[in-house]
Amino acid sequence: MNFLTENKIEQYADLVSRIEEVAAESEQAADALKGAEKQLADMALLIKNITTYKQTKPIADAYRAAKDKPRFRRENESSLILYEAAAKAIKAADVQKLPNLAALQSEYAALGEQKKTLYADYGKLKKRVMEYDVIKRNIDSILRQDKEPEQSKETERG
């Protein structure tokens, strides 16, 4: 009852609507968190591919300039495969010009901090949802107990 008065809930319908509001907020926070996680995963993959591309580009350039291409390819095949895969992934990500790696990494770190904040908010909202759910179950239980004596009186009369 203290919870209900502290939260200015006077009717059962108010409790139900408050539960729906908190649940909706929790779902929105979960969606935002999922979006941030996906963006972080995409960005991490892009950072990895750009790093690999930049590290292996000199070998790819040397391969293009090599006189004995088959021999050069055999000697540097793993680096060339990594370069080609990274170039293909960067092209698939629709990156026209390679972004500054340091700027991308700082953006990744900022997004990581945002994810932490979103996760904390989501945790608080989830806890509130659970708290409201417990209150609702308790009230439902009390209301059921109040109805049971009335029903037993009616069966005794009938």
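Heavy-atom basis, side chains included; hydrogens, waters and symmetry copies ignored.
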**Steps toward salt bridge (Lys or Arg N to Asp or Glu O under 4.0 Å) verdict (D61, R64)** = CA-CA 5 Å; D61 291 341; R64 285 189 201 103; 2.8 Å; yes

**Request:** Apply side-chain contact (heavy atoms from CB on, under 4.5 Å) to L104 and N100, showing your working.
**Result:** CA-CA 6 Å; L104 200 57; N100 181 338; over 6 Å; no

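Around atom OH of Y119, no more than 12 heavy atoms belonging to other residues, nucleotides or ligands sit under 6.0 Å away. When the shell of 6.0 Å around NZ of K69 is examined, it contains more than 12 heavy atoms from other residues, nucleotides or ligands.
When all heavy atoms of T52 and T56 are compared, the closest pair comes out as O-OG1, 2.7 Å. Taking both residues in full, the closest heavy atoms of A32 and L118 are given as O-CD1, 3.8 Å, listed atom of the first, atom of the second, then distance. Of all heavy-atom pairs between L111 and A36, the closest is CD2-O, 4.2 Å. When every heavy atom of A86 is checked against every heavy atom of N49, the shortest pair comes out as CB-O, 3.5 Å.
Under 4.0 Å is where a charged nitrogen must lie from a carboxylate oxygen, and between K116 and E113 at least one such pair does. With salt bridges taken as basic N to acidic carboxylate O contacts below 4.0 Å, none links R71 and E77.
Distance check, rounded to the nearest 0.5 Å: CZ of R137 to CG of D140 gives 9.5 Å. Distance check: I19 CD1 to Y132 OH gives 8.5 Å after rounding to the nearest 0.5 Å. A distance of 9.0 Å separates CD1 in I90 from NZ in K54, rounded to the nearest 0.5 Å. Annotation: the span from E27 atom CD to K34 atom NZ amounts to 9.0 Å, rounded to 0.5 Å. Atom OG1 of residue T51 and atom CG of residue L46 lie 9.0 Å apart, to the nearest 0.5 angstrom.
For the pair R128/E25, a side-chain contact is recorded, criterion being any heavy-atom separation below 4.5 Å from C-beta on. K124 places none of its side-chain heavy atoms less than 4.5 Å from the side chain of K127.
The side-chain hydrogen bond (donor to acceptor under 3.5 Å, both in side chains) test applied to D68 returns no partner, not counting sequence neighbours. By the salt bridge (charged side-chain N to carboxylate O under 4.0 Å, His left out) test, K48 pairs with no residue at all, sequence neighbours left out.
Under the 4.5 Å side-chain heavy-atom criterion for ILVMFWY residues, a single connected hydrophobic cluster contains both V16 and I139. Linking Ile, Leu, Val, Met, Phe, Trp and Tyr residues whenever their side-chain heavy atoms come within less than 4.5 Å places L98 and L101 in a single cluster. V95 is connected to Y53 through a chain of hydrophobic side-chain contacts under 4.5 Å among Ile, Leu, Val, Met, Phe, Trp and Tyr, so both are in one cluster. Under a hydrophobic-cluster definition in which Ile, Leu, Val, Met, Phe, Trp and Tyr are linked whenever side-chain heavy atoms come within less than 4.5 Å, directly or via other members, I50 and L40 are assigned to the same cluster.
Both the sub-6.0 Å distance and the 45° axial angle are satisfied by R73 relative to the ring of Y63. A cation-pi arrangement is absent between K57 and Y83, since the terminal nitrogen or guanidinium carbon is not both under 6.0 Å from the aromatic centre and inside a 45° cone about the axis.
Of the possible polar contacts, one joining the S106 side chain to the A103 backbone as a donor-acceptor pair under 3.5 Å is found. Judged purely by atom type and a 3.5 angstrom limit, S26 has no side-chain atom pairing as donor or acceptor with the backbone of V22. Formation of a donor-acceptor pair under 3.5 Å by the D133 side chain with backbone atoms of V129 is not found in this model.
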